[in-house]
Amino acid sequence: MFEFDKYEKQLHEDRELAPRSSYEAVRDIEQMSLLMWGEHCVECAAPSCFASCDLYQSRPDTRCRRLTYGMYRNPRFPSARGYGAEVSFKKWGKIEARGNTLLLPSGVALWTERMVDLSAPLINIVGAFVQRVTRDTRWSYLEHTLLERLGRWLHRRNDSNSRQQPNLFLLEVYNPMNVPVRMQLGMSVASPGGKFSSAQLPLPFRASVTLPPGYSRHEFQREQFSRITECGLPFDIAIIPDGEGTARLVFLTADFVVRAEAARIDISSQPKIKCVVWDLDNTLWDGILLENEGVGLRPKVLELLRFFDERGILLSIASKNDESSAWRRLEELGMADYFLYPQINWLPKSENIKAIAEQLNIGLDTFAFIDDNPFELEEVSRALKGVTCVNAEKIADLFSNPRYQGSTNEDARKRSQFYREEFVRRKSATQFGSDYLGFLAACEIKLFVDLYTDDDLERVSELVQRTNQLNFSGRKYQRSEILPILANQEVEKYVLRCSDNYGSYGAVGFCIVRIEEKEIRIEDFMLSCRVQGRFIEQAFFNYLVNRPREQKPQSLWVNFRPTGRNIPAQQVLESLNFVSCSPDSGLRVDLNTQSFKCDFISVSSAAVMRDQI
């Protein structure tokens, strides 16, 4: 953002400046930092220099005017902000910002800039009044001081070890003059006081930039400036004309950013979204329920809910609201059935999202949270690092975002139904007290072990890409990687389906098995967390061991590799007496001493018509 409130119209003689030719400004900024660019002097020693310097010229807040007329918001120059910041440098003039790499969604950052712009005149009035009362000149530039302190505070809030860092500093400038202009871009640690010697401080970053006539774009990669921005100390950024030169320029962008292309690259390595949590007021519906009981759905909301539901992406609510009123309105709108474990109360939304994740038993890094309020988005973002936060104004973008595509197979369309049935199971389990096995027996669990067919491709692709807790090898396959394995006739490939008295779980597992002499080798085994704790692994192992073969197997080996997230898989194997094997990796069990008998689960197979285990 730029210091537009100190602009002096009467000093600006030529206000008709416009681009001489069209240009394509950067639009795909995904995230950006909040930098407050202000007018400064290269040789500044404020406020003492105001009385001693021959170049001093007072601007409205009594600081020195080093730009001819200040910073002018010129709407004729298109940019990501919708305008350019026109400046005309005088001798010793520069623009400077307090360093800050705390990245915000671009919409949040631009909204904050607008709010600061609107509040600046009021702060200036307050500062001028206090200055007249106290006769302390420093009060006259109260707004300037507050913005500089805000920049420092934002930088302190950033943690270079845990938060995303900008991938570049983007400088977009329009030079309306007929000759190139040379500028210096600098980043350096601010005065550290007596804590550090100069030898202990990182060297400043300096770059010379030639701005040709017309539009130009200059990108400085993170590696060039990270020694400054990630050292943990406050730093400043300055843009200065070469030597003592003057120049008239229009700044379109001067920010730390993450471009959408880079964000898409990051997205490819991020988990797919499994659950979207919605705020209600001014997000799911227009208006505030407590002020208007007849609130209606916002545009695109119903379409997006159906889109997610059909693709197996779970939906929930975290809203500060009156629960009974909110739920009644959701029922009136016909929306209540979409949402699982809704949290409608006055607790922090981060706590409510954690509660939802515990109920659904899926990782927070697969959650997205949608809200219209930047404060709530920031609270969740800071408290729950893995949760993806989305401004409600951006929901239309989610239709095409690759992380929100879910799956279109039959199991995906029934996923929310599976979770509702699971809720009934949990409720029924409480009737059995500590007799958990008695409860499982009463459920009459049925396991169907089928050989893989081409019809299973979508669900198998989903399992091998998304399974974490019961992923025994820890490996995840892209579709291009799993296809050759599925075509390999030398390995057995099984798809596991499951049901009980409460309903069907659908396809819950995929396994790749190789038979070598007297050993069954499970090369990969992925099982949905929906059946975690149901002894499905034991029943399946029992099926494999007892399936008719030419030679009775003597051992069962599982390709287990710990990942930190598949501890539940390790616990299952240890409970079944699997032990580490050497020199092999993985875990093995001796079938001469171990039985996997599981009386309360009925197992059927298309390969062997009926096995009663």
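Every heavy atom of this structure was used, including side-chain atoms; hydrogens, water molecules and symmetry mates were not. Keep in mind that what you see is a predicted model, and the values were worked out from it rather than measured.
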Verify the distance criterion only: is there a donor paired with an acceptor across the side chains of [X] and [Y] at less than 3.5 Å?
X: Asn488; Y: Lys493; answer: no
X: Arg403; Y: Thr388; answer: yes
X: Asn391; Y: Asp372; answer: no
X: Asn542; Y: Asn546; answer: yes
X: Glu323; Y: Trp327; answer: no
X: Asn559; Y: Glu523; answer: no

Side chain Trp557, main chain Ser585, donor-acceptor under 3.5 Å: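 Here the side-chain-to-backbone pair exists.
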
Any donor-acceptor pair under 3.5 Å from Ser605 side chain to Val449 backbone: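 Judged by distance alone, yes, a pair lies under 3.5 Å.
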
Set of salt bridge (Lys or Arg N to Asp or Glu O under 4.0 Å) partners for Arg549, sequence neighbours left out: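 Salt bridge (Lys or Arg N to Asp or Glu O under 4.0 Å) list for Arg549, sorted by chain: Glu492.
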
Hey, what do you get for [atom1] ([X]) to [atom2] ([Y]), rounding to the nearest 0.5 Å?
X: Asp279; Y: Ile317; atom1: CG; atom2: CD1; answer: 9.5 Å
X: Glu537; Y: Leu527; atom1: CD; atom2: CG; answer: 5.0 Å
X: Leu398; Y: Lys300; atom1: CG; atom2: NZ; answer: 11.5 Å

Arg311 to Phe307 six-membered ring, cation-pi geometry met (6.0 Å, 45°):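 Positive - Arg311 is close enough to the ring of Phe307 and near enough to its axis.
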
Can you name the side-chain contact (heavy atoms from CB on, under 4.5 Å) partners of [X], sequence neighbours left out?
X: Asp455; result: Thr453
X: Asp397; result: Lys394
X: Asp281; result: Trp285, Ile288, Leu289, Asn321

Those residues that, when tested against Tyr477, pass ring-ring contact (aromatic ring centres under 6.0 Å, His included) (two or more places apart):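 Per chain and number, Tyr477 pairs via ring-ring contact (aromatic ring centres under 6.0 Å, His included) with no residue.
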
All ring-ring contact (aromatic ring centres under 6.0 Å, His included) counterparts of Phe578, not counting sequence neighbours: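 Applying ring-ring contact (aromatic ring centres under 6.0 Å, His included) to Phe578 gives Phe541.
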
Shortest non-hydrogen contact between Cys389 and Val380, atoms and distance: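 Looking at all heavy atoms of both residues, the closest pair is SG-CG1, 3.8 Å.
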
Any side-chain heavy-atom pair of Leu377 and Val390 under 4.5 Å: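 SC-SC contact between Leu377 and Val390 ruled out.
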
Aromatic contact, Tyr404 with Phe399 (centres under 6.0 Å):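 Ring-ring flag for Tyr404/Phe399: false, centres at least 6.0 Å apart.
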
Ring centres under 6.0 angstrom apart (Phe560, Phe525):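 No, the ring of Phe560 stays outside the 6.0 Å limit from the ring of Phe525, centre to centre.
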
